[in-house]
Structures are given as structure tokens and as C-alpha cells.
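Shown next, in C-alpha cells, is the structure this report addresses.
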Amino acid sequence: MPVSQEVTALYALVNGSANLFSPSDWQHIEFELDERATALGLPGRVEGYAIDGLRIVGHLLDHEALPSGWHAYSVGEDETDEFEPYMPLHAGEEPVDGENGSYLSVVRIMAQVRVNHRLDFVTTVDLSAAINADLVCCIPQDDWGFTGETLETDVRHHLEQATPHGSELDAATLFDPYDPADPLHGAVPDGGTAIR
């Protein structure tokens, strides 16, 4: 994900809060959208950050504010009727989930998921119109996933590229660990909006 002012603002929020884990816990995630969503003007790929399996919407962000330009969504996961065997099934062999294959799954991006919750994520893309039109549902398991990067590595790579010789001052300022004695802890970033 390109490191923008929005990404560095998210980094500052996460790094400055004891409630939001560490920037290294926020994994870079991508979703490929189909032509129905792109017809609405959405990009073909939506990128963001998630903590695998945890609820951000209505939990982690209860007492925090997302920086301006960020949106939080939930992802639900459902199995399909399509079975993918690990090896070709023998004649008469019945599909047994987890034993000789697995049912493929799809995910659905929603404002909030109560049942079959997979994860929550934050992104700079406003998906509310696509969610209302039910256009970000049934995303196949091959069309979404984690990139192997995190919020911390994305920002660190950006700093290394922006300052080839390294800027110890910038890195030290940006990567200072959370300090509960810091009087600025808990301050809402300018332009932030509370998530309830």
C-alpha cells in the first residue's frame, strides 16, 4: 500500500495507543473486486490493514478515533457448495471436509458482522455505497488475503526509500514505543472521527 499521509496518521494512532496492539500486528490486506464494484467507481483492488480474527469495529475502536480518510469494515466468511478435493476422489468416495478436501469459502465485506466473523479491517476506500448495493459480497478465497507486510513494515520501507542515508531523527520520532506517561497519549488526531 502506498504510504500516504493517511497511512502515517494511522501509524501514529496505533503506535500511540495501548488499546490497538502494535503496528507490527496490523497486517496489510488486499481484496480484488469484480466489475460490478468497479462500475461504481471503486478501484479493482482495495487495500488496508487488519488484525487477523479480531474485531476492530465496535471493539478496538470503541475508545479511539480513526484518522480522517479511514473507514472500518467487517468481513464475514461462508463456505460454498463447491468442494475442492486434496487429491482426485476415488469412485464412490464422499467429500469429507478437512479429510479429503475442503469446501471453498467466500467473504463478504459489511459494515459490521455478527455471525461467521472472519476479521475487521481499515481502508482509505469508502465502501459504503458498494455495501449498500451488496456489491462486495461473495469474494472468492483466491481474491483476497494478506500480503506479508504490516503497517510497520510499510511505513519503515517508505522511510528507508524517502531517506536513502537514513534519518535517525525521523525514524526515532516515528518508531518511539508507546509511553503511557506521555501527556499526548489518547489525543484524537486532528480531523479524526470517533467510531462507535
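- Between the CG atom of Asp34 and the CD1 atom of Ile139 there is a distance of 8.0 Å, given to the nearest 0.5 Å.
- Using a 4.5 Å heavy-atom threshold, the side chains of Val75 and Phe31 count as touching.
- The salt bridge (charged side-chain N to carboxylate O under 4.0 Å, His left out) search around Asp52 returns Arg118, not counting sequence neighbours.
- Note that OG1 of Thr124 is 7.0 Å distant from NE2 of His71, once rounded to the nearest 0.5 Å.
- In this structure, the side chains of Leu151 and Val7 come closer than 4.5 Å at one or more pairs of heavy atoms.
- Partners of Gln112 according to the side chain to side chain donor-acceptor pair (under 3.5 Å) rule, which considers only residues two or more places apart in sequence or in another chain, do not exist here.
- Residues Ile109 and Leu42 share a hydrophobic cluster, clusters being chains of Ile/Leu/Val/Met/Phe/Trp/Tyr side chains in contact below 4.5 Å.
- When all heavy atoms of Thr150 and Pro23 are compared, the closest pair comes out as CB-O, 3.8 Å.
- Shortest non-hydrogen contact noted between Val122 and Ala72 is CG1-CB, 4.0 Å.
- A donor-acceptor pair under 3.5 Å links the side-chain atoms of Thr123 to the main chain of Glu47, judged by distance alone.
- The salt bridge (charged side-chain N to carboxylate O under 4.0 Å, His left out) search around Asp134 returns Arg108, not counting sequence neighbours.
- The shortest side-chain heavy-atom distance between Trp26 and Val14 falls under the 4.5 Å cut-off.
- Contact of the Val125 side chain with the Trp70 side chain is not registered, since no non-hydrogen atoms from C-beta on lie closer than 4.5 Å.
- Annotation: side chain of Leu13 is in contact with side chain of Leu20 (closest heavy-atom distance under 4.5 Å).
- Contacts of Thr38 classified as side-chain contact (heavy atoms from CB on, under 4.5 Å), with partners at least two apart in sequence or in another chain: Glu35.
- Using a 4.5 Å cut-off between side-chain heavy atoms of Ile, Leu, Val, Met, Phe, Trp and Tyr, with links allowed through other members, Met110 and Trp144 fall into different hydrophobic clusters.
- Scanning for salt bridge (charged side-chain N to carboxylate O under 4.0 Å, His left out) contacts around Asp25 gives an empty result, with sequence neighbours left out.
- Between Ser74 atom OG and Asn116 atom CG the span is 12.5 Å, to the nearest 0.5 Å.
- The aromatic rings of Tyr73 and Phe121 sit tilted relative to each other, their planes meeting at an angle between 30° and 60°.
- Side-chain contact between Leu119 and Leu54 is absent, with no heavy atoms from C-beta onward closer than 4.5 Å.
- The heavy-atom pair separating Glu149 from Thr153 by the smallest distance is OE1-OG1, 2.8 Å.
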Asp143 vs Val107, side chain to side chain contact (heavy atoms under 4.5 Å, CB included): CA-CA, chis, key distance, verdict: CA-CA 9 Å; Asp143 288 350; Val107 297; over 6 Å; no

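- The minimum heavy-atom distance linking Arg55 with Val113 is given by the pair NH1-O, 2.6 Å.
- Side-chain contact, Tyr49 with Asp154: a donor N or O sits under 3.5 Å from an acceptor N or O.
- In summary, the side chains of Glu77 and His117 do not present any donor paired with an acceptor at a separation below 3.5 Å, with no hydrogens or angles considered.
- The salt bridge (charged side-chain N to carboxylate O under 4.0 Å, His left out) search around Arg45 returns Glu30, Glu32, not counting sequence neighbours.
- The main-chain N or O of Tyr11 is never found under 3.5 Å from a side-chain atom of Asn15 such that the two would form a donor-acceptor pair.
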